[in-house]
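Encoded as structure tokens, the structure appears first; notes follow it.
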Number of protein chains: 2
Amino acid sequence: MDISEVSKRSGLPASTLRFYEEKGLIRSVGRQGLRRVFSGNVLERLALIALGRAVDFSLDEIVQMLGSEGTPSIDRELLLDKADELDRRIQKFTAMRDGLRHAAVCDAPSHMECPKFRRLLGLAASGALSSDDRMKATQKRRSKKAAPLSP
Amino acid sequence: MDISEVSKRSGLPASTLRFYEEKGLIRSVGRQGLRRVFSGNVLERLALIALGRAVDFSLDEIVQMLGSEGTPSIDRELLLDKADELDRRIQKFTAMRDGLRHAAVCDAPSHMECPKFRRLLGLAASGALSSDDRMKATQKRRSKKAAPLSP
DNA sequence: GTACAACTTCAAGTTAACTTGAGGTCAAGG
DNA sequence: CCTTGACCTCAAGTTAACTTGAAGTTGTAC
């Protein structure tokens with residue numbers, strides 16, 4: 001497959017595919033003249049990348065999870081970490097959704113006078129919802145097995 | 001209150017507060033010499049901003065929702081839109097979480113051989129989870145009331 | 001009354017994930 | 001043979017949301 005074929009099948013622009021290759025996310029199997037040639041399994045790889053992006057992994061995180069190997073063999077612990085992270089996000093989002101929905105129908109003269117809305121505000125302000133706890137649990141869980149590369 | 005007081009109470013660095021002021025998100029009530037003076041309700045305002053950020057609004061969106069007025073009076077329809085959006089995100093995230101969790105315990109030799117994981121991959125690849133539908137429903141619902149500013 | 005920590009402005013830097021553009025190469029059709 | 005269009009590289013631009021730095025000012029404690 002040439003790059004436009006991959007582009008068509010994956011829905012990603014060629015520029016993104018080149019960018020991904022440069023980042024080490026995908027690899028072309030060779031060249032025909034100047035042109036990259038991709039094997040079919042790049043599509044599976046791109047699907048994995050899309051999966052990662054869908055759960056808000058950075059490209060760098062994805063590079064790490066997907067080794068350079070064909071078969072990724074993703075760390076199962078990492079998967080659980082990410083599932084936990086998603087759980088926390090789901091909880092926040094659920095709280096937010098309920099709060100927003102209530103605020104929308106609340107008959108308080110202004111949102112500011114609605115106690116539920118104010119409670120939500122308090123939550124947001126306290127950072128409980130700020131979604132900046134991206135990798136805290138990951139770090140925590142990860143640190144239990146300690147540094148595998150140092151003495 | 002001076003800026004460091006607001007900073008302490010809000011948890012935001014002074015640079016961010018200045019940045020927010022420049023963006024029109026908050027306002028200082030005046031100056032003492034060079035220094036900004038903020039009124040107490042800037043904290044409420046910052047809480048609203050945090051709330052918005054917590055549900056992934058951009059600062060520009062937030063500026064629009066919070067008029068320049070003291071009492072925001074947020075568009076209730078907009079709140080419902082955002083609640084809907086959150087619903088969709090929650091569904092995606094739930095699907096992802098379940099998928100990840102299964103993949104973590106799945107006894108298939110490689111994730112690639114696990115049908116559930118592959119199904120998840122399909123979902124991600126098809127863009128069903130790609131979270132790029134940020135404002136589609138908003139646009140849709142919004143377009144029902146049509147352009148209020150054009151003839 | 002002077003030192004200095006804390007404020008100020010304004011410009012420029014940062015990060016992620018791409019996109020765009022300029023300038024060049026090459027295979028295939030006419 | 002020659003044109004054309006799809007590909008190539010590499011550098012630079014883009015956006016969001018801030019942060020950092022340089023250079024200047026000032027309220028306050030001694």
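Because the structure is a prediction, the values reported are computed rather than measured. Each chain gets a letter, A, B and so on, in the order its sequence line appears, and its residues count up from 1.
Partners of B:T94 under the side-chain contact (heavy atoms from CB on, under 4.5 Å) rule, at least two apart in sequence or in another chain, are A:I90, B:I90, B:R97, B:D98. The side chain to side chain donor-acceptor pair (under 3.5 Å) check on A:K8 picks up nothing, with sequence neighbours excluded. Listed by chain and residue number, B:E5 satisfy the salt bridge (charged side-chain N to carboxylate O under 4.0 Å, His left out) test with B:R9 (two or more places apart in sequence, or in another chain).
Residue B:R18 is in base contact, counting any heavy-atom pair closer than 4.0 Å across all strands shown.
Rounded to whole Å, the distance from CD on A:E21 to P on D:dT9 is 7 Å. Spacing between atom CZ of B:F38 and atom C1' of C:dT8 amounts to 12 Å, rounded to whole angstrom units.
For the pair B:R36 and C:dT8, the criterion of a side-chain N or O lying under 4.0 Å from OP1 or OP2 is met. A:R31 has no side-chain polar atom (N or O) that falls below the 4.0 Å cut-off from OP1 or OP2 of C:dT25.
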Item checked: Derivation and outcome, side chain to side chain contact (heavy atoms under 4.5 Å, CB included), residues A:R101 and B:D84 -> CA-CA 9 Å; A:R101 216 154 253 164; B:D84 289 353; 2.9 Å; yes

Next item on the list: Please test A:K82 against A:E85 for salt bridge (Lys or Arg N to Asp or Glu O under 4.0 Å), starting from the C-alpha separation and ending with a verdict.
Entry: CA-CA 5 Å; A:K82 286 297 177 176; A:E85 192 182 311; 3.4 Å; yes

What are the atom names and distances for every N/O pair under 3.5 Å that joins the protein to nucleotides 26-30 of chain D?
from	atom 1	to	atom 2	distance (Å)
D:dT26	O2	B:R35	NH2	3.3

Extract from the structure each pairing of a protein N or O with an N or O of nucleotides 15-20 of chain C at less than 3.5 Å, listing the distance.
from	atom 1	to	atom 2	distance (Å)
C:dA17	OP1	A:R53	NH1	3.3
C:dA17	OP1	A:L59	N	3.3
C:dA17	OP2	A:L59	N	3.3
C:dC18	OP2	A:Y20	OH	2.9
C:dT19	OP2	A:S15	OG	2.8
C:dT19	OP2	A:T16	OG1	2.4

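Rotation axes derived from the C1' atoms of the five outermost pairs at either end of the helix from C:dG1-D:dC30 to C:dG30-D:dC1 lie 20° apart, to the nearest 10°.
Put simply, the side chain of A:Q32 does not reach to within 4.5 Å of the side chain of A:D2, judged on heavy atoms. Considering only heavy atoms from C-beta on, A:L46 stays 4.5 Å or farther from A:F38 through its side chain.
Two different hydrophobic clusters hold A:V6 and A:V37 under the rule that ILVMFWY side chains link at heavy-atom gaps under 4.5 Å. Linking Ile, Leu, Val, Met, Phe, Trp and Tyr residues whenever their side-chain heavy atoms come within less than 4.5 Å places A:L12 and A:L48 in a single cluster.
Without hydrogens or angle criteria, A:S58 side chain to A:E61 main chain gives a donor-acceptor distance under 3.5 Å. In this structure, A:R118 contributes its side chain and A:E113 its backbone to no donor-acceptor pair below 3.5 Å.
Distances were taken from every side-chain heavy atom of B:I3 (C-beta onward) to each of C:dT9, C:dC7, D:dC8; the shortest belongs to C:dC7.
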